[in-house]
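Comments concern the structure below.
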Amino acid sequence: MSLIQSGTCPDKRKEYEAFFMNQPFYLQLKYIRGDRLFDFDQGIGYRDLTVQIGYVCWCKGDMEFVV
């Protein structure tokens with residue numbers, strides 16, 4: 001069971017997405033994935049694995065990304 005499914009991570013997607021869009025790698029991922037970069041399925045998470053891994057780290061409080 002993931003952090004999202006277990007309810008230990010409150011829905012902070014808008015805050016996370018704003019943080020993500022300020023990262024140096026955002027424009028490259030946006031170019032590659034397009035408008036579907038932040039597609040989210042309730043109970044599962046983000047469809048894009050890069051965004052999902054970042055969200056799990058965000059939920060755990062590890063807000064330093066090294067790519």
**Request:** Give the intermediate values and the outcome of side-chain contact (heavy atoms from CB on, under 4.5 Å) for residues Y46 and F20.
**Result:** CA-CA 13 Å; Y46 287 97; F20 195 94; over 6 Å; no
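Remark: N22 engages no residue in a side chain to side chain contact (heavy atoms under 4.5 Å, CB included) (not counting sequence neighbours).
The line from CH2 of W58 to CZ of R13 is 14.0 Å long, rounded to the nearest 0.5 Å.
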Distance-only criterion, 3.5 Å: show the donor-acceptor pairs between side-chain atoms of residues 28-35 and protein atoms not counting sequence neighbours.
unit_1, atom_1, unit_2, atom_2, d
K30, NZ, D35, OD1, 3.2
R33, NE, D48, OD2, 2.3

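Y16 contributes a side-chain N or O that, together with a main-chain N or O of V51, makes up a donor-acceptor pair within less than 3.5 Å.
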